[in-house]
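Here is the structure we will look at.
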Amino acid sequence: MAVTHLPAVSGLTEQQQRGWHCVWCRSPLGTDLGVDLGEQRVTPATGAAYSWFPRECVDALACSGRRAAR
C-alpha cells in the first residue's frame with residue numbers, strides 16, 4: 001500500500017481534523033462515508049500533544065476534481 005502524506009494539521013479546519021470533512025477537498029463526510037486514514041498524533045512547539053482523525057472521500061476522482069475547482 002502506498003503511503004499518503006497528509007497535509008499539515010495547522011492548515012486544516014476543525015471539521016477536517018475531526019474527520020467530519022475530507023482532508024483533501026473539504027467535502028462533508030457522513031458517519032458511514034469516507035476512508036479512515038487513522039489516528040494521527042501532533043506535538044506542537046508549544047502546548048500539549050493531541051490526536052486528530054483525518055478521513056478522505058471514497059471517490060478519489062471526484063475528490064481531485066473538487067480540489068482543482070477550489
Side-chain angles (χ1 to χ4, degrees):
M1 181 186 330
V3 174
T4 302
H5 295 283
L6 296 170
V9 70
S10 61
L12 300 177
T13 65
E14 178 182 358
Q15 291 83 4
Q16 288 173 295
Q17 291 178 28
R18 293 178 181 258
W20 300 336
H21 290 182
C22 175
V23 72
W24 305 112
C25 72
R26 299 181 185 161
S27 284
L29 301 170
T31 56
D32 59 342
L33 301 174
V35 177
D36 185 355
L37 299 175
E39 179 181 358
Q40 306 294 312
R41 293 286 295 165
V42 176
T43 306
T46 60
Y50 62 94
S51 295
W52 64 291
F53 304 89
R55 292 193 305 150
E56 64 186 357
C57 296
V58 173
D59 186 343
L61 184 59
C63 182
S64 65
R66 287 188 291 272
R67 287 172 64 187
R70 285 194 324 194

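Because the structure is a prediction, the values reported are computed rather than measured.
One distance of note links CZ of Phe53 with CG of Leu37; it measures 12.5 Å at 0.5 Å rounding. With values rounded to the nearest 0.5 angstrom, Ser27 atom OG is found 11.5 Å from Arg67 atom CZ. Between atom SG of residue Cys57 and atom NE2 of residue His21 there is a gap of 10.5 Å, rounded to the nearest 0.5 Å. One distance of note links CH2 of Trp52 with CZ of Arg18; it measures 13.5 Å at 0.5 Å rounding.
Contact of the Cys63 side chain with the Glu56 side chain is not registered, since no non-hydrogen atoms from C-beta on lie closer than 4.5 Å. Looking at Gln40 and Val9, their side chains never come closer than 4.5 Å, going by heavy atoms from C-beta outward. You'll find the side chain of Ser64 stays beyond 4.5 Å of the side chain of Trp24, heavy atoms only.
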Discussion item. Set out, in order, the CA-CA distance, both residues' side-chain angles and the distance that settles side chain to side chain donor-acceptor pair (under 3.5 Å) for Arg26 and Thr13, then state yes or no.
Written reply: CA-CA 9 Å; Arg26 299 181 185 161; Thr13 65; 5.9 Å; no
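One N or O on the side chain of Arg55 and one on the backbone of Leu33 form a donor-acceptor pair closer than 3.5 Å. With hydrogens and angles ignored, the 3.5 Å screen pairs a side-chain donor or acceptor of Gln16 with a backbone N or O of Cys22.
The heavy-atom pair separating Pro7 from Val23 by the smallest distance is CG-CG2, 3.8 Å. Counting all heavy atoms, side chain and backbone alike, Arg41 lies closest to Ala49 at NH2-CB, 3.5 Å. For Pro54 against Asp36, the heavy-atom pair with the smallest separation is O-OD1, 3.8 Å.
Hydrophobic clustering (ILVMFWY, side-chain heavy atoms < 4.5 Å, transitive): Leu6 and Val42 are in one cluster. By the criterion of side-chain heavy atoms lying less than 4.5 angstrom apart, applied directly or through intervening Ile, Leu, Val, Met, Phe, Trp or Tyr residues, Leu29 is not grouped with Trp20; the two fall into different hydrophobic clusters.
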